Amino acid sequence: MNAASSEEGLRARVLALVAQIPPGRVMTYGQLATLAGQPGAARQVGYVMNGLMDTGSAHSPGLPWQRVINAQGKVSTDKLGFGDLQRGLLRAEGVEFDASGKCDLGRLQWWPEEAATGQERLL
DNA sequence: TCAGTGACTGGTC
DNA sequence: CGACCAGCCACTG
């Protein structure tokens, strides 16, 4: 068995990564897909997140789903109706959004290796 | 089994 | 920067 067993599927893998995102930081769908071992499966990651709403937070209490945004640095939940909610949650954590609704990915995007190396954010 | 769909991404115009 | 197109994987009817 490989270190990252995919018995639970991409879903559990993505949720585990999302749960590790520190406050004030964000990750992209494609990034999660790559870290989950399936580069290019960004769409699937979005599907997993959408599944969170269906199953309810009971399955993953406290899961910081709001820290998952698209590669453009914008939230993909505007069309869903709770884009303002996600932006509000992120802003409460210190994430600043542009007038276009974009945030600085280069500064806010988080990678697990940062935690491993103990690298501090530049700010 | 096939076709449609989606909280995506990258390239081209 | 916005609009369009093709590739991508899992789920639904």
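The analysis underlying the following values was restricted to heavy atoms, covering all of them including side chains, and did not include hydrogens, waters or symmetry mates. Chain identifiers are assigned alphabetically (A, B, ...) following the order of the sequence lines, protein sequences preceding nucleic acid strands; residue numbering begins at 1 within each chain. Everything numeric in this text was worked out from a predicted model, so none of it was measured.
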Check the interface with nucleotides 2-7 of chain C: list each N/O to N/O pair with the protein under 3.5 Å, or write none.
from, atom 1, to, atom 2, distance (Å)
C:dG7, O6, A:R43, NH1, 3.0

Please enumerate all protein N or O atoms sitting under 3.5 Å from an N or O of nucleotides 11-13 of chain B, with distances to 0.1 Å.
none

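Applying the salt bridge (Lys or Arg N to Asp or Glu O under 4.0 Å) test to every pair with at least one member in residues 72-82 of chain A, sequence neighbours left out, gives these pairs: A:D78-A:R87. Among residues at least two apart or in separate chains, salt bridge (Lys or Arg N to Asp or Glu O under 4.0 Å) pairs with a member in residues 62-72 of chain A are A:R67-A:E93. Applying the ring pair (Phe, Tyr, Trp, His ring centres under 6.0 Å) definition to pairs two or more places apart or across chains, those involving residues 63-95 of chain A are A:W65-A:F82. Sorted by first and then second residue, the ring pair (Phe, Tyr, Trp, His ring centres under 6.0 Å) pairs involving residues 88-116 of chain A (not counting sequence neighbours) form an empty list.
Evaluation of the side-chain hydrogen bond (donor to acceptor under 3.5 Å, both in side chains) rule for A:Q31 yields A:Q109 as partners, not counting sequence neighbours. Scanning for side-chain hydrogen bond (donor to acceptor under 3.5 Å, both in side chains) contacts around A:S76 gives A:N70, with sequence neighbours left out. A:S100 is linked by a side-chain contact (heavy atoms from CB on, under 4.5 Å) to A:D98, A:K102, counting only residues two or more places apart in sequence or in another chain.
Between A:Q38 and C:dA10, a side-chain N or O to OP1/OP2 separation shorter than 4.0 Å is present.
Each of A:Q31 and A:Y47 was assigned the nucleotide of DNA chain B with the nearest heavy atom; the assignment lying further toward the 5' end belongs to A:Y47.
Expressed to the nearest 0.5 Å, how far CG of A:L85 lies from CD of A:Q66 amounts to 8.0 Å.
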